[in-house]
S.K.: 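Have a look at the structure that comes next, please.
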2 protein chains.
Amino acid sequence: MMKMHIPHDTPSHDARQDARPFSQILDRLRGAGLRPTRQRMALAKLLFEGGDRHLTAEMLHADAQSANVRVSLATVYNTLHQFHRAGLLREIVVDSQRTYFDTNMSDHHHFYFDQSGELADIPGDQVEVAALPAAPDGMEVSRVDVVVRVRPQGA
Amino acid sequence: MMKMHIPHDTPSHDARQDARPFSQILDRLRGAGLRPTRQRMALAKLLFEGGDRHLTAEMLHADAQSANVRVSLATVYNTLHQFHRAGLLREIVVDSQRTYFDTNMSDHHHFYFDQSGELADIPGDQVEVAALPAAPDGMEVSRVDVVVRVRPQGA
DNA sequence: TGTCAAGTTTAGAATTACTATAATCTGATG
DNA sequence: CATCAGATTATAGTAATTCTAAACTTGACA
Ligand SMILES: [Mn+2]
Ligand SMILES: [Mn+2]
Ligand SMILES: [Zn+2]
Ligand SMILES: [Zn+2]
């Protein structure tokens, strides 16, 4: 678990002015103690360079294929779980057949559109859980999830 | 969906004083528009005569076997979904590998013990969701679920 | 009380969403 | 550049659930 910040890359190899997603992603993986393999780099880019996303392993795998990144589905699953353990992703339970991962790590809740299977964020400050009973004896709360299930009006 | 209350049974066949679970269950099924088959009667008894329960299809199937009720697993699944559609059961999503059904239809929320997979009720009046954003355009809220995930202290 | 269509049950096959295995590959370190 | 722990992958395996289609009940009615 010990990590050291080893200077990587020669700093002058490219002087472009635009964002340096490559090294941001690199640092992110290194910071999480994960080797920056080709597959993890590519998946991390897909995950973290497009704003907040809610996706399943299959969705990310399809994304990768569209982007001409060849990664096996097993690696997608492995990677999602590793990122989750490393604190880079949240796991969301809203459907008992499918696991969603969330790139938005801030404190927030969700709308869930049952018929389409989509998720939308509700910022943490828009939901107030004003009262909660104490956790049962010997237990501690690991997280409180609020899921607002919605459906098209009338139905 | 039309139902008529046809008087059933001769009223005098048995004058016992104790509860009449048989006819309570019968009425419950009839009221839901479901034919009171042997299997549905037996499963309804197991579900509704033991206080509030949170269970999966496999759990109910095991229960049935213990009670010497022979029902196929397929029928257990069918019945749970029919009871749910009929408004006799709630479906709870807390684990993405398993579906739980809840015989407690009152407004309430849940503690979820991740390591044991158990659920405990939190009475509706012990949780206060004080603020919620409006449902997205064209959508209406079908339900708000609060799940308090707990784990043994320190871990 | 017998008939029959509609509804129900069931064994077993199929599907879906993963997880495990074990052979192969790769990239960090010396 | 050699080494090898760690990573990837094809493929097999598993768990939960759904589907299929044949066999059985149920209940309305003759
Ligand atoms: Mn998972
Ligand atoms: Mn499953
Ligand atoms: Zn989110
Ligand atoms: Zn409950």
Side-chain angles (χ1 to χ4, degrees), chain A residues 1-9 22 25-27 29-44 46 54-62 64-65 69-86 89 91-101 117, chain B residues 1-9 25-26 29-30 32-44 54-62 64-65 69-86 89 91-101 117:
Chain A
M1 288 293 152
M2 175 180 298
K3 62 203 145 175
M4 14 197 158
H5 281 272
I6 299 154
H8 48 273
D9 271 8
F22 183 73
I25 293 289
L26 232 192
D27 291 346
L29 292 183
R30 287 239 170 78
L34 295 170
R35 277 205 208 169
T37 64
R38 180 177 60 76
Q39 291 85 340
R40 292 210 272 236
M41 291 289 286
L43 293 176
L46 290 171
H54 300 104
L55 36 67
T56 64
E58 299 275 357
M59 286 162 71
L60 179 56
H61 188 235
Q65 311 222 205
V69 174
R70 271 199 317 299
V71 201
S72 71
L73 184 56
T75 295
V76 173
Y77 275 104
N78 290 340
T79 301
L80 286 170
H81 287 126
Q82 288 155 356
F83 285 9
H84 176 236
R85 266 178 270 125
L89 289 176
E91 210 178 308
I92 305 184
V93 180
V94 279
D95 179 302
S96 46
Q97 310 313 298
R98 213 190 301 280
T99 300
Y100 286 84
F101 292 87
Chain B
M1 289 293 151
M2 176 179 299
K3 60 206 146 170
M4 6 189 168
H5 281 273
I6 300 152
H8 49 276
D9 270 10
I25 293 289
L26 233 192
L29 292 183
R30 288 239 169 79
L34 295 169
R35 280 201 202 173
T37 64
R38 181 178 60 75
Q39 291 86 340
R40 293 211 270 236
M41 291 289 285
L43 294 175
H54 301 105
L55 35 67
T56 64
E58 298 274 357
M59 287 162 71
L60 179 57
H61 187 235
Q65 312 223 203
V69 174
R70 271 199 316 300
V71 201
S72 71
L73 185 56
T75 296
V76 172
Y77 274 104
N78 290 340
T79 302
L80 285 171
H81 287 128
Q82 288 155 355
F83 285 10
H84 176 236
R85 264 178 270 124
L89 289 176
E91 207 177 312
I92 306 184
V93 179
V94 278
D95 179 303
S96 45
Q97 308 315 293
R98 213 191 294 286
T99 300
Y100 286 85
F101 292 87

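Lettering follows sequence order; numbering is per chain, from 1.
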S.K.: Whole Å only: how far is the CG atom of A:L29 from the C1' atom of C:dA28?
M.R.: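 For the pair A:L29 CG and C:dA28 C1', the rounded distance is 15 Å.
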
S.K.: Could you state the CE-P distance from B:M59 to D:dA16, rounded to the nearest angstrom?
M.R.: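 Taking CE of B:M59 and P of D:dA16, I get 12 Å after rounding.
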
S.K.: Summarise how protein sits on nucleotides 1-7 of chain D as a single string, 5' to 3': B when a protein heavy atom is under 4.0 Å from the base, S for sugar-phosphate-only contact, - for no contact.
M.R.: ----BSS

S.K.: So, using side-chain hydrogen bond (donor to acceptor under 3.5 Å, both in side chains) as the criterion, who are the partners of A:T75 when residues are at least two apart?
M.R.: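 With neighbours one apart ignored, the set is A:S72.
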
S.K.: Tell me the interatomic distance from A:H61, atom NE2, to D:dT8, atom P, rounded to whole angstroms.
M.R.: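 In whole Å, D:dT8 P and A:H61 NE2 are 13 Å from each other.
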
S.K.: For B:F101, check ring-ring contact (aromatic ring centres under 6.0 Å, His included) against everything at least two apart and list the hits.
M.R.: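 Testing B:F101 for ring-ring contact (aromatic ring centres under 6.0 Å, His included), a comparison that skips the adjacent residues, returns B:H81.
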
S.K.: With A:E58, which residues qualify under side-chain hydrogen bond (donor to acceptor under 3.5 Å, both in side chains), at least two apart?
M.R.: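 If we apply the side-chain hydrogen bond (donor to acceptor under 3.5 Å, both in side chains) test to A:E58, skipping adjacent residues, there are no hits.
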
S.K.: Without decimals, in angstroms, what is the distance between A:Y100 OH and C:dC18 P?
M.R.: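 That distance rounds to 10 Å.
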
S.K.: Want to settle it: does A:L73 or B:H81 sit nearer the 5' end of DNA chain D, counting the closest nucleotide to each?
M.R.: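 Final value for this comparison: A:L73.
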
S.K.: What is the distance, to the nearest angstrom, from the CG atom on A:D95 to the P atom on D:dT18?
M.R.: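 One finds 11 Å between P of D:dT18 and CG of A:D95, rounded.
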
S.K.: From the options C:dA11, D:dT17, C:dA20, select the nucleotide whose nearest atom is closest to the side chain of B:E58.
M.R.: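 For B:E58, the side-chain atoms sit closest to D:dT17.
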
S.K.: D:dT18 phosphate, OP1 or OP2: any side-chain N/O from B:Y77 under 4.0 angstrom?
M.R.: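 Answer no for this pair, as no side-chain N or O of B:Y77 is under 4.0 Å from OP1 or OP2.
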
S.K.: Roughly, in whole Å, what's the span from CG in B:N78 to P in D:dT20?
M.R.: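 Result: 13 Å.
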
S.K.: Applying side-chain hydrogen bond (donor to acceptor under 3.5 Å, both in side chains), name anything that partners B:Q82, two or more places apart in sequence or on another chain.
M.R.: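 B:R40.
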
S.K.: Partners of A:R98 by side-chain contact (heavy atoms from CB on, under 4.5 Å), sequence neighbours excluded?
M.R.: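 A:R98: side-chain contact (heavy atoms from CB on, under 4.5 Å) contacts with A:T56, A:D95, A:Y100.
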
S.K.: Return the set of residues passing side-chain hydrogen bond (donor to acceptor under 3.5 Å, both in side chains) with B:T37 (not counting sequence neighbours), or none when no residue passes.
M.R.: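 side-chain hydrogen bond (donor to acceptor under 3.5 Å, both in side chains) list for B:T37, sorted by chain: empty.
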
S.K.: From D:dG27, C:dA17, D:dC19, pick the nucleotide closest to the side chain of A:R98?
M.R.: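 Closest of the options to the side chain of A:R98: C:dA17.
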
S.K.: Expressed in angstrom and rounded to an integer, what is the separation of B:L80 atom CG from C:dT9 atom C1'?
M.R.: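 Those two atoms, CG and C1', are 15 Å apart.
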
S.K.: Among D:dA16, C:dA17, C:dT10, find the nucleotide with the atom closest to the side chain of B:R38.
M.R.: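 From the listed options, C:dT10 comes nearest.
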
S.K.: What heavy-atom pair brings A:A57 and A:V76 nearest, and what distance separates the two atoms?
M.R.: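 Minimum heavy-atom separation between A:A57 and A:V76: O-CG1, 3.5 Å.
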
S.K.: Please report the interatomic distance CG(A:L55) to CG(A:L46), rounded to the nearest 0.5 Å.
M.R.: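 That separation rounds to 9.5 Å.
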
S.K.: State which residues pass ring-ring contact (aromatic ring centres under 6.0 Å, His included) with A:H61; sequence neighbours excluded, sorted by chain then number.
M.R.: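 With neighbours one apart ignored, the set is empty.
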
S.K.: Send over the distance from A:E91 CD to C:dA17 C1', rounded to a whole Å.
M.R.: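 Atom CD in A:E91 sits about 13 Å away from atom C1' in C:dA17.
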
S.K.: OP1 or OP2 of C:dC18 sitting under 4.0 Å from any side-chain N/O of A:T99?
M.R.: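 The answer is yes; a side-chain N or O of A:T99 sits under 4.0 Å from OP1 or OP2.
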
S.K.: For the helix from C:dT1-D:dA30 to C:dG30-D:dC1, figure out the bend between the end axes, five pairs an end, and round to 10 degrees.
M.R.: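 Nearest ten degrees gives 20° for this helix.
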
